[in-house]
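Below is one structure; the comments refer to it alone.
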Amino acid sequence: MLPSPGHSMKSKLQELVAQALATLAGQGLLAEVPADHAVQIERTRDPAHGDFATNTALVLAKPARMKPRDLAQRLVDALPASPMVAAVEIAGPGFINFRLTEDAYHALIPEILARGPDYGRSQLGAGKRVQVEFVSANPTGPLHVGHGRGAAYGAVVADLLAAVGYSVHREYYVNDAGRQMDILATSVWLRYLELCGESLGFPSNGYKGDYVWDIAATLHREHGDDYRADALKVFRGVPPDQRDDEPDGDKEAHIDALIAAAKRLLGDNRYRFVFELGLNTILDDIRADLHEFGVDYQEWYSERALTESGAVNKAIERLREAGHVYEQAGALWFRSTDFGDEKDRVIERENGQTTYFASDIAYHMDKLERGFERVIDIWGADHHGYVPRVKGALKALGDDADRLEVLLVQFAVLYRGGEKVQMSTRSGEFVTLRQLRKEVGRDAARFFYVMRRCEQHMDFDLDLAKSQSADNPVYYVQYAHARVESVLRQAADKCMPVEPSRGTVNLQRLSEAHEQALLRSLSRWPEVVEGAAMTAEPHQVTNYLRELANDFHTYYNAHQFLVDDAELRDARIKLILAVRQVLRNGLGLIGVSAPDRM
RNA sequence: GCCCUCGUAGCUCAGGGGAUAGAGCAACCGCCUCCUAAGCGGUAGGUCGCAGGUUCAAUUCCUGCCGAGGGCGCCA
């Protein structure tokens, strides 16, 4: 990772070492060292090694033709003086360890209090435009808990990128054009016919969830029998469904014939009306669901609009002109094997319909044309096979496929009472995101979803998420915040001034080991935000918050804050105000509330 | 069969070239006359799946193997 122009302690040290390297280079000592060498500064694991360490001398020993410890010594000699550095020493095979001054840590407190919500934010992204597309579930039913993880993860990745200075565009791709939507419209209509009193066998491939009944009921309530047709006519000539008593049936042919019947018997306008009713009802529900989950978008991008704008045909034309398309068995194929895919893919079917993949090519072409410097797609891990073909298509179009980053999120498995919660989309028996939010609450859901690396299979323990105990990491962190608020209320009750003095006044009184540990944790926050943003790993934030909360709880147990000694009390109040601020910033970043009392 | 991800403490997981591998839970022992015990401290617990390779240095990177999960359609 390149040195950042940030203001963190780490980046300041990076700068010092870089200056020392420049000095040695000026003396002609580093002829074979690349000029753009990135200085690595890390936090030490062992406090005996100081606060930070760099392996620069070890890494550069060979090109500098020096022994690591000799190079380290020269670097130390060339290091510019800095008020933040208390001691520098060479250790082990050639590490350079830095110990920072107490003043450097004390100065952190007024900085945190002055910057407030901005402490931890940076300009690393330099305003570059990045698009984050996430969730994008088909609007054929409510979001389930699998989508919830993508929603929480995507929202935090987007917020992290914004926090480090990117201009972020959050987008939901609405698949409102495909066959699945026709199946939904037909499902709604068939349920409506049942409500009208028609008797029929519901197709095994139809959508069977209760929400389909709800949409059908709206149609029936508001329009009576206006959309009614004789069930016998609907099913006339339709090939048999595949079900237990008819194992030889074809469920695909069956549902397709029913869609055709719906279109024929309703006519274009009335079919479109039923279709739109289903689509809009579900999309409104998804939008509201995500909003209540703290997930909002800049844009809901319609696949249908993409198709109607001619973008799909344009993409196919561009591929054809570039010579990456061929016809076979009546269909149009994209030769994706030329770009690393394992087999070629159909983009236009024998019946003239373009495939979902063709829309995807057009959509990604459009994303790049809109001028985003980075395009991030967040997909369910089951779509990983799509990555080579989408990237392949971009390469075939002559675009820079590296601008597209695909992050894959594994599914979450719910556990209740130690038992796996069984889910099946087919039968409509799945746990919805809304049910999860109702059961464990928004805060726990948001926190738990991003607590693990996205590529990790996740066991979501519902009982733990609900438990109001120390075991529950959400409450643990929130409780730290509530405790700070509680102390401030107590101070007010005792008529002690809560308004702290300015600057670093009294801060030298913070000499306890617990206080120093807390200050070190507070100083890490900008590094955590930067690291989490650059690696798209929100779990680094939750881990940090647990550590910070732990430092605070330990301190709380060991020392009284509201002491009679006014100067000491002032210093401690300033410290816990800084802790409160960083807890708020961290919880805010992952979409979790910071309650005043619990 | 091919592809992707993962194998770290009894369980759930961090760490991902660097100095003695960490946390939470579970187990055991302690701590409220005190700003919320939804809290804190301590003890115990590991051949970082196995075998090679690269490196001054490998749990981390590479290769192979073993094991777990997922994906491989003129579906979306």
**Report entry** Under-4.0 Å side-chain N/O to phosphate OP1/OP2 contact, A:Thr44 with B:A19
**Finding:** no
Query raised in the report: Going by 5.5 Å between centroids and 30° between planes, is there a stack of A:His539 over B:A14?
Result: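 Ring-base stacking flag not set for A:His539 and B:A14.
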**Report entry** Centroid distance under 5.5 Å and plane angle under 30°, A:Tyr476 vs B:A38
**Finding:** no
How close or far is atom [atom2] of [N] from atom [atom1] of [X], stated in whole angstroms?
X	N	atom1	atom2	result
A:Leu545	B:A23	CG	P	18 Å
A:Ile96	B:A19	CD1	P	17 Å
A:Phe460	B:U12	CZ	P	17 Å
A:Arg45	B:A21	CZ	P	8 Å
A:Lys343	B:C3	NZ	P	17 Å
A:Arg389	B:G71	CZ	C1'	10 Å
A:Met458	B:U12	CE	P	14 Å
A:Tyr386	B:U5	OH	P	20 Å

By nearest atom, which of the nucleotides [options] is closest to the [X] side chain?
X	options	answer
A:Arg453	B:C2, B:A14, B:A76	B:A14
A:Gln410	B:A19, B:U5, B:C13	B:U5
A:Gln456	B:C75, B:A19, B:C6	B:C6
A:Ser486	B:C35, B:G15, B:G73	B:C35
A:Glu455	B:C13, B:A19, B:U5	B:U5
A:Glu350	B:A76, B:C74, B:C13	B:C74
A:Val59	B:U55, B:G18, B:C72	B:G18
A:Asn557	B:C35, B:U12, B:G39	B:G39
A:His553	B:C74, B:G73, B:C40	B:C40

Query - A:Trp333 side chain to A:Val325 backbone, donor-acceptor under 3.5 Å - result: no
**Report entry** A:Asp51 side chain vs A:Leu100 backbone, donor-acceptor pair below 3.5 Å
**Finding:**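 Judged by distance alone, yes, a pair lies under 3.5 Å.
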What integer number of Å spans the [atom1] atoms of [N] and [M]?
N	M	atom1	result
B:G17	B:C29	P	41 Å
B:U20	B:C25	P	28 Å
B:C32	B:C40	C1'	11 Å
B:A9	B:U59	P	15 Å
B:U47	B:C56	C1'	24 Å
B:C48	B:C35	C1'	43 Å
B:C13	B:G49	P	15 Å
B:A38	B:G70	C1'	38 Å

Taking any heavy-atom pair under 4.0 Å as a contact, classify [X]: base, sugar-phosphate, or nothing.
X	answer
A:Ala48	nothing
A:Glu303	nothing
A:Ala329	base
A:Ala53	base
A:Asn55	base
A:Asn550	sugar-phosphate
A:Phe357	nothing
A:Gln180	sugar-phosphate
A:Asp46	base
A:Leu488	nothing

Anything under 3.5 Å between a donor and an acceptor, one on a side chain of residues 554-563 of chain A, the other on a protein residue two or more places apart or in another chain? List them.
unit_1, atom_1, unit_2, atom_2, d
A:Thr554, OG1, A:Asn550, O, 2.8
A:Tyr555, OH, A:Glu515, OE2, 2.7
A:Tyr555, OH, A:Arg572, NE, 3.4

Report summary line: Base orientation of B:C32, chi within 90° of 0 counted as syn, else anti, reads syn
Report task. Could you please spell out the steps behind the side chain to side chain donor-acceptor pair (under 3.5 Å) verdict for A:Asp344 and A:Tyr326? Result -> CA-CA 10 Å; A:Asp344 292 342; A:Tyr326 63 92; 2.7 Å; yes
Report task. Decide yes or no on side chain to side chain donor-acceptor pair (under 3.5 Å) for A:Gln242 and A:Asp250, but give the supporting numbers first. Result -> CA-CA 5 Å; A:Gln242 183 184 15; A:Asp250 182 339; over 6 Å; no
Go through the side-chain N and O atoms of [X] and [Y] and say whether any donor and acceptor fall under 3.5 Å apart.
X	Y	answer
A:Glu171	A:Tyr363	yes
A:Asp366	A:Tyr301	yes
A:Asn175	A:Gln180	no

Report summary line: Contacts of A:Arg546 and A:Arg489 projected onto RNA chain B by closest heavy atom; the upstream (5') one is A:Arg546
Query - Pairwise 5' ranking along RNA chain B for A:Val487 and A:His384, keeping only the more 5' one - result: A:Val487
Query raised in the report: Taking the six-membered ring where the residue is Trp, are the ring centres of A:His324 and A:Phe339 under 6.0 Å apart?
Result: yes
Query raised in the report: Do A:Asn97 and B:A19 have a side chain to base donor-acceptor pair shorter than 3.5 Å?
Result: yes
Query raised in the report: Between A:Arg389 and A:Tyr386, is NZ or CZ placed under 6.0 angstrom from the six-membered ring centre and within 45° of the ring axis?
Result: yes
Query raised in the report: What dot-bracket string describes RNA chain B from 5' to 3', counting Watson-Crick and G-U wobble pairs whose defining distances are under 3.5 Å, with [ ] for crossing pairs and | for pairs to another strand?
Result: (((((((..((((....[...)))).(((((.......))))).....(((((..]....))))))))))))....
Query raised in the report: Is the count of non-hydrogen atoms from other residues, nucleotides or ligands lying under 6.0 Å from A:Arg65 atom CZ greater than 12?
Result: no
